[in-house]
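This structure is a prediction, so every number in the text was calculated from the model and none was measured. Numbers here simply count residues along the sequence, with the first being 1. Numbering of ligands and ligand atoms starts at 1, following listing order.
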Amino acid sequence: MRLVLLGAPGAGKGTQAKMLIEKYGIPQISTGDILRKAVADGTPLGKAAKAVMDRGELVPDKVVLDLVEERLKQDDCKKGYILDGFPRNTAQAETLDKMLQGLGMPLDSALSVDVPKDDLLKRLTGRRTCKNCQQMYNIYFSPPKKDNVCDKCGGELFQRDDDKEETIKKRLDVYEAQTAPLMDYYGKKGILKSIQGVGTIDEIFNKVCAALEGK
Ligand code: AP5
Ligand code: MG
């Protein structure tokens with residue numbers, strides 16, 4: 001399975017990708033996660049990306065394209081991959097197509113997870129993540145048993161720097177202007193599938209799998 005997950009900030013791309021990894025045994029490539037790790041590690045890339053991410057804007061195309069190309073060349077991608085949060089605009093999508101052609105591993109599907117804006121806001125403001133194992137929670141929908149403590153490993157939970165209300169608004173605007181047009185892009189290629197991302201996480205996962213397996 002060679003897949004792009006499309007969807008607004010907070011649509012549940014990361015949540016569903018984690019479940020797809022388990023079911024299909026293929027890696028998730030999240031440009032957001034790779035960039036946040038670079039920020040946490042204090043690398044030159046992380047230092048340059050942090051301010052842009054905190055403003056809710058997109059980091060330069062060349063930066064993410066190089067990251068993705070390097071990751072796709074690793075052995076575990078030979079059996080498939082899930083691209084999460086990439087591509088983010090038409091220029092990235094076009095370059096990705098050429099890159100995948102060159103690597104002999106073109107996309108089979110682009111799956112769009114559609115969620116109304118009010119739900120997105122609540123999902124993003126309520127999101128908390130474990131510093132240690134990256135398990136995700138939501139204080140409104142799936143809270144940890146003990147405030148700010150991970151149920152799985154006891155690690156401390158944190159809120160992403162870009163999950164502040166002002167930045168969320170900017171991220172949603174950037175999504176509408178730059179990323180939403182990709183639905184048309186993949187629609188024209190005949191590989192777009194769409195599902196409504198409303199309901200429980202498990203209900204949505206069933207819809208995701210049914211769409212991907214053509215059921
Ligand atoms: P990125 O990390 O990709 O963030 P995003 O696209 O804004 O998406 P999110 O990760 O916020 O949402 P998600 O869809 O993964 O939702 P999640 O599963 O976490 O990008 C961050 C930044 O990095 C960008 O702004 C940009 O600066 C930069 N960047 C990244 N890629 C780039 C690129 N290609 N080009 C340029 N710049 C790039 O779920 C959210 C919450 O909802 C969680 O709390 C979860 O528990 C909860 N939830 C999930 N499903 C449900 C449900 N069904 N019901 C209730 N709650 C739910
Ligand atoms: Mg994510």
Side-chain angles (χ1 to χ4, degrees), residues 4-21 28-40 45-46 48-69 71 82-93 95-96 111-116 118-130 134-144 150-151 157-164 166-180 182 195-208:
V4 163
L5 276 181
L6 291 172
K13 303 180 295 294
T15 304
Q16 296 299 323
K18 297 272 179 313
M19 297 170 85
L20 289 168
I21 297 174
Q28 167 200 23
I29 304 176
S30 159
T31 40
D33 286 351
I34 297 172
L35 291 167
R36 277 185 292 281
K37 175 149 193 326
V39 172
L45 164 67
K50 181 166 171 41
V52 181
M53 293 171 76
D54 286 353
R55 287 197 302 271
E57 293 167 7
L58 297 182
V59 306
D61 292 345
K62 167 99 175 78
V63 170
V64 282
L65 284 160
D66 287 352
L67 290 174
V68 169
E69 182 162 25
R71 183 64 188 85
I82 306 158
L83 290 169
D84 161 8
F86 175 89
R88 264 323 219 258
N89 57 32
T90 309
Q92 290 183 12
T95 311
L96 173 68
L111 179 78
S112 162
V113 181
D114 305 329
V115 177
D118 284 350
D119 298 67
L120 295 174
L121 288 173
K122 211 159 178 189
R123 287 188 191 181
L124 291 168
T125 50
R127 173 166 52 195
R128 301 290 183 276
T129 311
C130 176
Q134 270 67 56
Q135 174 67 36
M136 233 178 328
Y137 297 88
N138 194 288
I139 57 169
Y140 304 114
F141 305 112
S142 49
C150 178
D151 293 350
L157 306 188
F158 75 99
Q159 184 172 25
R160 264 171 51 176
D161 287 339
D162 61 350
D163 278 347
K164 311 273 175 327
E166 256 181 51
T167 315
I168 289 172
K169 195 177 166 302
K170 176 71 183 176
R171 286 163 60 203
L172 292 172
D173 289 347
V174 168
Y175 172 78
E176 280 306 324
Q178 300 197 45
T179 313
L182 292 182
I195 61 151
Q196 291 298 317
V198 184
T200 68
I201 289 170
D202 287 337
E203 283 165 358
I204 295 164
F205 187 60
N206 287 335
K207 288 199 254 179
V208 166

How far is [atom] from its nearest protein heavy atom, and which residue and atom name does that atom have?
| atom | value |
| --- | --- |
| atom 13 (P) of ligand 1 | K13 N, 3.5 Å |
| atom 4 (O) of ligand 1 | R160 NH2, 3.2 Å |
| atom 35 (N) of ligand 1 | Q92 NE2, 3.0 Å |
| atom 29 (N) of ligand 1 | L35 CD1, 3.6 Å |
| atom 27 (O) of ligand 1 | E57 O, 2.5 Å |
| atom 48 (N) of ligand 1 | R123 CD, 3.9 Å |
| atom 20 (O) of ligand 1 | R88 NH2, 3.2 Å |
| atom 39 (O) of ligand 1 | T15 OG1, 3.6 Å |

Taking distance alone, with N or O pairs closer than 3.5 Å, would you say [X] contacts ligand 1?
| X | result |
| --- | --- |
| V52 | no |
| T31 | yes |
| D162 | no |
| L124 | no |
| F141 | no |
| D84 | no |
| V59 | yes |
| N138 | yes |

Could you check whether any side-chain N or O of [X] sits under 3.5 Å from a backbone N or O of [Y], counting only pairs where one atom can act as donor and the other as acceptor?
| X | Y | answer |
| --- | --- | --- |
| R88 | L58 | no |
| T167 | D163 | no |
| E203 | T200 | yes |
| D84 | I29 | no |
| K37 | G32 | no |
| Y137 | D151 | yes |

[X] near ligand 1 by a heavy-atom separation under 4.0 Å:
| X | result |
| --- | --- |
| A8 | yes |
| E203 | no |
| G126 | no |
| G10 | yes |
| Y137 | yes |
| G199 | yes |
| R128 | no |

Could you tell me if the side chain of [Y] sits less than 4.5 Å from the side chain of [X], heavy atoms only?
| X | Y | answer |
| --- | --- | --- |
| I139 | R128 | yes |
| P144 | L157 | yes |
| V64 | V59 | yes |
| D114 | S112 | yes |
| V113 | L6 | no |

- Message: I need the atoms of ligand 1 closer than 4.0 Å to a non-hydrogen atom of G14, numbered in the order shown.
- Response: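 What qualifies from ligand 1 is 13 (P), 15 (O), 18 (O).
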
- Item | Numbered atoms of ligand 1 (with element) below 4.0 Å of I204, judged on heavy atoms |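 That gives atoms 53 (N) of ligand 1.
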
- Message: Using the rule given for salt bridge (charged side-chain N to carboxylate O under 4.0 Å, His left out), can you reason through R55 versus E57, listing the C-alpha separation, both sets of side-chain angles and the distance that settles it, and then say yes or no?
- Response: CA-CA 6 Å; R55 287 197 302 271; E57 293 167 7; 3.2 Å; yes

Please state which part of [X] comes within less than 4.0 Å of ligand 1, counting heavy atoms only: side chain, backbone, both or neither.
| X | answer |
| --- | --- |
| M136 | side chain |
| L58 | both |
| V198 | neither |

- Message: I'd like to know whether K170 forms a salt bridge (charged side-chain N to carboxylate O under 4.0 Å, His left out) with D162, so could you lay out the CA-CA distance, the side-chain angles of the two residues, the decisive distance to 0.1 Å, and finally the verdict.
- Response: CA-CA 10 Å; K170 176 71 183 176; D162 61 350; over 6 Å; no

- Query: Without hydrogens or angle criteria, can the side chains of T31 and D33 be said to hold a donor-acceptor pair below 3.5 Å?
  - Reply: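 No pair is found: no donor N or O on one side chain lies under 3.5 Å from an acceptor on the other.
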
- Item | Between K18 and Q28, a side-chain donor and acceptor under 3.5 Å |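 Judged by distance alone, the side chains do pair up.
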
- Query: Quick one: which of R127, K50, K122 has a heavy atom closest to atom 9 (P) of ligand 1?
  - Reply: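 Shortest heavy-atom distance from atom 9 (P) of ligand 1: R127.
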
- Message: Check this for me, if you would: do D161 and K50 make a salt bridge, where the nitrogen-to-carboxylate-oxygen distance has to be below 4.0 angstrom?
- Response: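 Here D161 pairs with K50 in a salt bridge, since their nearest N and O are under 4.0 Å apart.
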
- Less than 4.0 Å between a side-chain N and a carboxylate O, is that true for K122 and D119?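 The answer is no: the pair does not qualify as a salt bridge.
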
